[in-house]
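Order of the sequence lines sets the chain letters (A, B, ...), proteins ahead of strands, with each chain counted from 1.
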Amino acid sequence: MFPFNMQYPLEEALGEITTLIKSIIPDHKHSIKLETPPDQKMGDIAFPCFSLAPIYKKNPQNIAEDLASKVPSNTWVDHVKAQGGYLNFYLNSTKIVQTTLNEILTRKETYGHLELRHQKVIIEHTSANPNGPLHVGRARNPIIGDTLVRIFRAAGYMVDAQYYLDDMGKQVAILTWGIRHISKTEIPKPQYDKPDHRYVSYYQKAHKSMQEKHEVQNAISTIIKQSEKGDPATLDQIHSAYKPVLDGMITSLNRININIDSYVPESQFVLDKSADYVVNQLKKTPYSHEEDQALYLDLKAYGIQGRNTKFFYLRQDGTTLYATRDIAYHLWKAAHADRLINILGEDHKLESQQVAIALKLLHVTIIPEPVFYSFVSLPGGKMSTRRGRVVYLDDLIQESIARAYDEVKKRRGTELNETKMQMIAEMVGIGAIRYNIIKVQPEKDIVFRWEEALNFEGNAIPFIQYAHARACSILTKARIIPKKVDAQVVTHASEILLLKHLARFPITIKEACEGCKPHSIALYLYETASLFNQFYRDCPVLSVTETHILQARIGVVLATRIVLANALELLGIAAPEEM
RNA sequence: GGGCGUGUGGCCUAGUCCGGAUAUGGCACUGGCCUUCUAAGCCAGGGGUCGCGGGUUCGAAUCCCGCCACGUCCGCCA
């Protein structure tokens, strides 16, 4: 699709500057580190000279001045300036504007995407127990996961989004018992007419009975034991119990534009004996020990500290544990991909570490790279499904769309018809949910507050979608879309600032992918929308009479619209043409 | 008790990996801008011991050590 040595303009410019610096300080051993100056007036790219000072026994400013006089002529740099110990490069604006506009207008929806890598990555996310509806705490997982799926695809990887389905644990066993033993008449009418909401009451009631009655507890234990032995009839019962619940959860995920490619049931690794294989292999390692016929790995040597250096992988009764099966799952994943990413709650940190060590002991080289996110709590404390202290994802979806609808009606009620207002409300409401979650880095813990989750002001999704709609409005009215744009007439400071920012999009994708930092896309989007609004204020488009300036400005608007749409796509958020 | 993570104006947040120029932006607050491409917009203003204390460095929000607060984990649970 792209030429092999494809490079975006800004990368090319950075490459040239690195070469230039190397040519004027040939004995510089370290890699050339370039920075972005804090102010546009100080140039586009900066090279700090402080580390050279002890080598040349001169002060940094003198070195910068000296280097400035030696920079040879080249294609990207307009001029250089020595300032405060930095050698600052000012790029040729026309060139960066021209090449960036050309790239965007040619590549359109693939602008920003990186070269194909022919590498497969499995991103495991969500993997929630299918025993009831998703709540907003868990919703952080699919949103981070799906955004990373989109970012990795844009970065050139082949991605398989996987959901690891726990079909043999306590939770689904309780659900299964409940559905088979509790009468429909005992179940209250659910808040939403969805199977996950309908069936969660069976789980809740069964959980209560289990705590009250020994025979219920025994019955549930039997289900667990049978499933761990791979008993087909039991697994079948469990499957028919959780399947509708899972379908309900998937409906909610689809509603917020999340799609999972494969569902991998945990039982698979018991049935195909790979969990047994894991046990047999671990048994042979020098770290394996026995305690009352149960087996564990002693992880002291691997830096695991505290009371728990024993990592049990086989029970006294010879059955495997969740973690053992998880190791088998990762063995399987490692055989099917070049890289593995796992989106996990911070409570899985220890288990993740234990699995990674076990995989190394089994000589697996493709070790999962975990992305941990912190918990979402409510102002009064933790969320708890059983105590009813939860906000469901479905609650959030409903509220968000309703609130968005009120806003559209308030602003455009007299101009737009009902269908259109509902479509816009859907796009804004869903976008708000995804944006407000993804814009903060995963490791910060979140206290859920409605006013923040439904934030529609300032750094929020309507601001960005509105910028996109504004661009669309101009483009619709302009009617003619120029094929070629003359960058010579793109001279206003706001235009140049905007274009230089659009040039950064590919680098932003690259960095977001390399660091698994989905929130940086949200930040980039906000800055793009903000710069577009400044352009909108300073540079009228449709009223321009000179044809080539008119065409150039339409080109700038179109390019911005494309980048906004592409970045929104990375976040799984709709780009409305009108709002 | 131990491990891991987080701590940035009243509230939320970027920057922390890889140390650099007056610490990013939003909410709220004060004032201004709609006969001109959608004001879900723009402009200006006030507001900061970057949790605390040491250290390394020409230079620390960023690195090192100690402490404090919050989250999370430390089951033959998942």
Side-chain angles (χ1 to χ4, degrees), chain A residues 31 33 35 37-39 42 46 48-51 53-54 59-60 83-86 88 129 166 168-172 224 266 291-296 303-310 312-317 319-323 325-326 345-351 353 372-375 377 382 404 407-408 410-412 415 428 436 439-441 443-447 449 451-452 455-467 469-478 515 517 519-520 522-523 526-527 529-530 532-534 536-544 553 557 578-579:
Chain A
S31 62
K33 204 202 156 201
E35 296 176 15
D39 192 315
M42 295 167 159
C49 301
F50 304 96
S51 61
N59 77 49
Q83 284 171 288
Y86 289 87
N88 290 336
N129 282 319
D166 176 16
M168 38 196 323
K170 203 191 223 167
Q171 319 258 31
V172 282
I224 297 172
E266 191 179 332
E291 187 175 298
D292 302 331
Q293 293 146 45
L295 300 180
Y296 67 90
I304 304 285
Q305 285 156 32
R307 286 174 227 159
N308 191 40
T309 57
K310 290 178 185 173
F312 281 89
Y313 64 93
L314 190 73
R315 290 199 188 93
Q316 194 176 30
D317 67 1
T319 56
T320 56
L321 287 98
Y322 171 84
R325 289 167 236 137
D326 202 17
E346 61 175 334
D347 54 336
H348 279 72
K349 278 182 183 175
L350 179 61
E351 196 246 336
Q353 215 179 348
F372 295 109
Y373 61 91
S374 295
F375 280 14
S377 59
K382 287 183 204 174
E407 292 292 326
V408 190
K410 192 171 81 194
R411 294 160 206 273
R412 309 289 308 274
E415 302 160 70
V428 174
N436 288 329
K439 74 174 178 184
V440 326
Q441 43 175 288
E443 53 269 23
K444 292 229 184 198
D445 44 48
I446 294 181
V447 176
R449 292 186 191 90
E451 61 271 29
E452 277 170 34
N455 178 30
F456 282 18
E457 281 172 343
N459 184 357
I461 204 60
F463 178 89
I464 294 157
Q465 290 176 319
Y466 184 66
R470 269 182 156 177
C472 287
S473 170
I474 294 174
L475 295 170
T476 308
K477 286 178 180 152
K517 282 158 50 171
H519 70 282
S520 57
L523 181 69
Y526 177 75
E527 289 167 346
S530 178
F532 178 70
N533 280 332
Q534 287 161 47
Y536 185 92
R537 174 199 65 208
D538 294 333
C539 305
V541 179
L542 300 175
S543 60
V544 171
R553 294 221 165 138
V557 173
E578 187 179 13
M579 63 186 280

- Do the side-chain N or O atoms of A:H519 get closer than 4.0 angstrom to the phosphate oxygens (OP1, OP2) of B:G15? yes
- Task: From the options B:C76, B:U72, B:C37, select the nucleotide whose nearest atom is closest to the side chain of A:Q316.
- Result: B:C76
- Determine the contact category for A:V408: base if any of its heavy atoms lies under 4.0 Å from a base atom, sugar-phosphate if only primed atoms, P, OP1 or OP2 are that close, otherwise nothing. base
- Among B:U72, B:C76, B:A40, the one nearest A:A294 by side-chain distance: B:C76
- Query: Expressed as a whole number of Å, how far does the C1' atom of B:A44 sit from that of B:C4?
  - Reply: 45 Å
- Identify which nucleotide among B:G15, B:C42, B:A40 has an atom closest to any side-chain atom of A:E407, counting heavy atoms from C-beta outward. B:A40
- Would you mind classifying the nucleic acid contact of A:E291 as base, sugar-phosphate or nothing, using non-hydrogen atoms under 4.0 angstrom? base
- Message: Tell me which nucleotide, if any, is Watson-Crick or G-U wobble paired with B:C4 when both distances must be under 3.5 Å.
- Response: B:G71
- Note on the structure: Across all chains, not counting sequence neighbours, the side-chain contact (heavy atoms from CB on, under 4.5 Å) partners of A:A471 are A:F532, A:V557, A:R561
- Message: With rounding to the closest Å, how many angstrom separate the P atoms on B:G51 and B:C17?
- Response: 15 Å
- Does a nitrogen or oxygen in the side chain of A:R537 sit under 4.0 Å from OP1 or OP2 of B:G41? no
- Message: Going by purine N1 to pyrimidine N3 plus the second Watson-Crick contact, or the G-U wobble pair, all under 3.5 Å, which nucleotide sits opposite B:C18?
- Response: none
- C1' gap between B:G9 and B:G48, integer Å: 5 Å
- Query: Under 4.0 Å between a side-chain N or O of A:Y373 and OP1 or OP2 of B:G5?
  - Reply: no
- Message: Here's a test of your reading of the structure: between A:E266 and A:F463, which maps to the more 5' nucleotide of RNA chain B?
- Response: A:F463
- Message: So A:C539, base contact, sugar-phosphate only, or nothing? Heavy-atom distance under 4.0 Å.
- Response: base
- Query: With respect to the phosphate group of B:C42, does any side-chain polar atom (N or O) of A:N533 fall under 4.0 Å of OP1 or OP2?
  - Reply: yes
- Message: By the 4.0 Å heavy-atom rule, please label A:Y536 as base, sugar-phosphate, or nothing.
- Response: base
- Task: Please check the phosphate of B:A14 (OP1 and OP2 only) for any side-chain N or O of A:K444 closer than 4.0 Å.
- Result: yes
- Position toward the 5' end of RNA chain B (nearest nucleotide), A:R449 or A:P540: A:R449
- Please work out if A:E346 contacts a base, only the sugar-phosphate, or nothing of the nucleic acid, heavy-atom cut-off 4.0 Å. base
- Taking syn as within 90° of 0 and anti otherwise, name the glycosidic form of B:C11. anti
- Task: State which of B:C11, B:G15, B:A40 makes the closest approach to the side chain of A:K517.
- Result: B:G15
- Can you tell me if the side-chain N/O atoms of A:Q83 get under 4.0 Å from OP1 or OP2 in B:A21? no
- Item | Which nucleotide in B:A14, B:C73, B:C77 has an atom nearest any side-chain atom of A:L523 | B:A14
- Message: Between B:U16 and B:A28, how far apart are the two P atoms, rounded to whole Å?
- Response: 28 Å
- Are A:F456 and A:V428 close enough, and set up right, to give a side-chain contact (heavy atoms from CB on, under 4.5 Å), and what steps lead you there? CA-CA 9 Å; A:F456 282 18; A:V428 174; 4.2 Å; yes
- Message: Check this one for me: any side-chain N or O of A:K382 less than 4.0 Å away from OP1 or OP2 of B:U72?
- Response: yes
- Task: In whole angstrom, give me the gap between the P atoms of B:U6 and B:C43.
- Result: 33 Å
- Of the listed B:C76, B:G71, B:A28, the closest approach to the A:D292 side chain comes from B:C76
- Between B:G3 and B:U57, how far apart are the P atoms? Round to whole Å, please. 28 Å
- Message: Is it the case that the side chain of A:K439 and the backbone of A:N459 share a donor-acceptor pair, with hydrogens and angles ignored and the cut-off at 3.5 Å?
- Response: yes
- Query: Counting any heavy atom closer than 4.0 Å, what does A:Q534 reach on the DNA or RNA strands: base, sugar-phosphate only, or nothing?
  - Reply: sugar-phosphate
- Between B:A78 and A:R315, is there an OP1 or OP2 to side-chain N/O distance shorter than 4.0 Å? yes
- Message: Nearest to the A:N459 side chain among B:G26, B:A21, B:U72, which nucleotide is it?
- Response: B:G26
- Could you work out the separation of B:G7 and B:C34 based on their C1' atoms and round it to a whole Å? 43 Å
- Query: Taking only N and O in the side chain of A:Q441, is any of them less than 4.0 Å away from OP1 or OP2 of B:G15?
  - Reply: yes
- Task: Select base, sugar-phosphate, or nothing to describe what A:M168 touches, counting heavy atoms under 4.0 Å on all strands.
- Result: nothing
- Task: Just call it for A:A469: base, sugar-phosphate, or nothing, with non-hydrogen atoms closer than 4.0 Å on any strand.
- Result: base
- Within the modelled atom types, does a donor on one side and an acceptor on the other bring the side chain of A:N88 and the base of B:A21 under 3.5 Å apart? yes
- Candidates B:A40, B:A78, B:G71 - which lies nearest the side chain of A:D445: B:G71
- Tell me which nucleotide among B:A40, B:C4, B:G25 gets nearest to the side chain of A:K349. B:C4
- In whole angstroms, how far is the C1' atom of B:C77 from the NE2 atom of A:H348? 11 Å
